[in-house]
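First comes the structure, then the notes that go with it.
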Amino acid sequence: MPRLLVTGGAGFIGSNFAHYVINNSDYDVIVVDKLTYAGNRASLADLPEDRLTFVRGDIADARLIDDLVGNVDIVVHYAAESHNDNSLDDPRPFLHTNLVGTFALLEAVRKYGKRLHHISTDEVYGDLAFDDPNRFTEATPYNPSSPYSSTKAGSDLLVRAWVRSFGVAATISNCSNNYGPYQHVEKFIPRQITNVLRGLRPRLYGEGRNVRDWIHADDHSSAVMTIIEKGRIGETYLIGADGEKDNKTVVELILTLMGRPPDAYDHVADRPGHDLRYAIDSTKLRTELGWRPSFSNFEHGLAATIEWYRKNEAWWAPAKGATEAFYARLGQ
Ligand code: NAD
Ligand code: DAU
């Protein structure tokens, strides 16, 4: 069977991707993950051992990565420091993993002539005004705002340079905000759901007018599989599901779905440099490769996600205390 190396496969989107691949294809999956605070081995616990191999390690460890890449067919690179608020508190790990780690992977796929798909974010394009009629496309100039998004932008540029200079067979995708199971409680939607489950009030940064373009993690996975199978080498594809919502609307919906008054939340200190709005135009992926999202109803996807957190307190509870202590220090 062909073998996929999934970096960061114990994180939110990587673990959803490992489930998606094993349930929908013949690929065997090898996950390499450092198990930082964001990684959780339990997110892969229900996957069959004959299809999934787990290796704990750092993607910046060139010797380890050389060994792993030499023994697989395709590398799908999810591993990253991924949280903006953390990058504002301490940018250093973002440079290590997102830049040095990506460099180590690129050198290994170059040496062995392996196919790479690099996972990136819409945040590399900066933000849009609320009333801008345009959305991000593959032609939008890079303009990242935070230490997180600037290191992701840097990693994309490294991939592009290795394609052009060394002929590495890579594709890149830039996706919008994901939601679904296995997302760390530091992120917006799981934080608010688990606050309500704990009897705490949701916390909205600033006025809550900022807009994010939500996509279910399974739709992100199906898009990545489509690009791996049909994408043109050297190309970038934007992934999005037309899910623009402002944060206030999302918090109110979570409260309503959980049977609470929609105004039972607190406004807290805003994020410094907070990007106003992200919005993806995924026409290229849809027309060239024929991809379509299957979660067309955000409210249904959110209700299923709430149910998942209700049933899986053992998965999220160990991280909740430290996460809220971090936010308390920031006044959030
Ligand atoms: P996450 O923080 O939940 O998971 C990241 C995983 O990478 C963790 O399991 C962590 O242990 C691992 N990791 C971190 N540093 C590592 C290192 N040096 N070596 C090996 N493993 C390491 O992140 P996520 O939300 O699942 O994001 C995954 C990828 O998708 C990232 O590249 C991110 O930029 C991108 N992305 C995320 C979103 C989103 O909405 N969350 C949207 C678009 C793109
Ligand atoms: O757009 C893709 C990006 O989406 C990914 O590249 C990142 O890895 C991912 O973390 C996410 O970035 P955001 O910064 O948009 O996500 P976050 O969940 O941190 O916040 C979403 C919005 O909610 C943002 O406008 C900030 C706001 N927020 C967040 C938290 C944690 C709140 O209002 N309250 C909160 O408690």
Side-chain angles (χ1 to χ4, degrees), residues 1-33 52 59 65 68-80 82 97-99 101-124 138 151-176 178 215 217-240 280 282 284-286 288-291 293:
M1 285 304 146
R3 288 151 63 89
L4 280 183
L5 178 65
V6 178
T7 74
F12 164 45
I13 311 179
S15 63
N16 276 283
F17 181 72
H19 281 87
Y20 184 88
V21 168
I22 287 176
N23 293 329
N24 295 284
S25 80
D26 293 332
Y27 289 106
D28 287 339
V29 173
I30 295 101
V31 163
V32 59
D33 197 296
L52 179 98
I59 55 161
I65 290 304
L68 291 170
V69 169
N71 287 301
V72 297
D73 301 288
I74 301 173
V75 179
V76 193
H77 176 29
Y78 287 90
S82 70
T97 294
N98 301 359
L99 293 171
T102 301
F103 165 68
L105 275 170
L106 282 165
E107 286 294 82
V109 293
R110 168 157 91 110
K111 175 175 169 186
Y112 292 107
K114 296 290 165 73
R115 168 91 163 86
L116 169 71
H117 181 69
H118 174 63
I119 303 293
S120 192
T121 169
D122 58 1
E123 295 195 20
V124 299
E138 289 78 4
T151 55
K152 289 300 290 186
S155 69
D156 294 10
L157 298 183
L158 291 176
V159 175
R160 289 184 184 192
W162 263 242
V163 169
R164 176 153 175 176
S165 305
F166 305 121
V168 161
T171 41
I172 299 175
S173 55
N174 298 79
C175 188
S176 62
N178 285 221
I215 181 172
D218 276 352
D219 280 334
H220 189 177
S221 294
S222 71
V224 169
M225 277 307 281
T226 303
I227 297 165
I228 288 169
E229 282 167 357
K230 299 198 236 164
R232 284 187 291 135
I233 297 303
E235 292 293 313
T236 289
Y237 297 90
L238 265 55
I239 305 174
I280 290 269
S282 57
K284 177 177 174 184
L285 177 63
R286 294 177 193 229
E288 265 190 28
L289 307 186
W291 174 82

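From a predicted model like this one, the values you see are computed outputs, not experimental measurements.
Asn16 has its side chain out of reach of His220: every pair of non-hydrogen atoms, C-beta onward, lies at least 4.5 Å apart. By the 4.5 Å heavy-atom criterion applied to side chains, Leu238 and Lys284 are not counted as neighbours. Ile13 places none of its side-chain heavy atoms less than 4.5 Å from the side chain of Val224. Using a 4.5 Å heavy-atom cutoff, the side chains of Leu289 and Glu229 are not in contact. Residues Lys114 and Leu116 have side chains not in contact (no heavy-atom distance under 4.5 Å, counting atoms from C-beta outward).
Between the side chain of Asp33 and the main chain of Ala10, a donor-acceptor pair closer than 3.5 Å is present. Checking side-chain atoms of Asn178 against main-chain N and O of Ser176 turns up a donor-acceptor pair under 3.5 Å. Here the side chain of Thr7 pairs a donor or acceptor atom with the backbone of Ala79 at under 3.5 angstrom. In this structure a side-chain-to-backbone donor-acceptor pair under 3.5 Å is missing from Asp122 to Asn174. Here the side chain of Lys152 pairs a donor or acceptor atom with the backbone of Ile119 at under 3.5 angstrom.
The side chain to side chain contact (heavy atoms under 4.5 Å, CB included) with Leu5 is formed by just one residue from the set Val109, Asp73, Val76, Leu68; it is Leu68.
How far CD1 of Ile65 is from CG of Leu105: 5.0 Å, rounded to the nearest 0.5 Å. Interatomic distance, Tyr78 OH to Ser120 OG, rounded to the nearest 0.5 Å: 12.5 Å. A distance of 5.0 Å separates OH in Tyr27 from CE in Met225, rounded to the nearest 0.5 Å. Distance check: Ile239 CD1 to Ile227 CD1 gives 4.0 Å after rounding to the nearest 0.5 Å. To the nearest 0.5 angstrom, Ile215 atom CD1 is 7.5 Å from Ser282 atom OG. Here the straight-line distance linking atom NE2 of His19 with atom CG of Asp218 works out to 10.0 Å at 0.5 Å rounding.
Contact between Asn98 and Ala80 at its shortest, heavy atoms only, is OD1-CA, 3.3 Å. Residue Ser15 comes nearest to Gly11 through the heavy atom pair OG-O, 2.6 Å, listed as atom of the first residue, atom of the second, then distance. The minimum heavy-atom distance between Arg232 and Tyr237, with the atom names listed, is N-OH, 2.9 Å.
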Check residues 157-168 and write down every donor-acceptor pair under 3.5 Å in which the side-chain atom is one partner and the other belongs to a residue at least two apart or another chain.
| unit_1 | atom_1 | unit_2 | atom_2 | d |
| --- | --- | --- | --- | --- |
| Trp162 | NE1 | Glu107 | OE1 | 2.9 |
| Ser165 | OG | Ala161 | O | 3.0 |

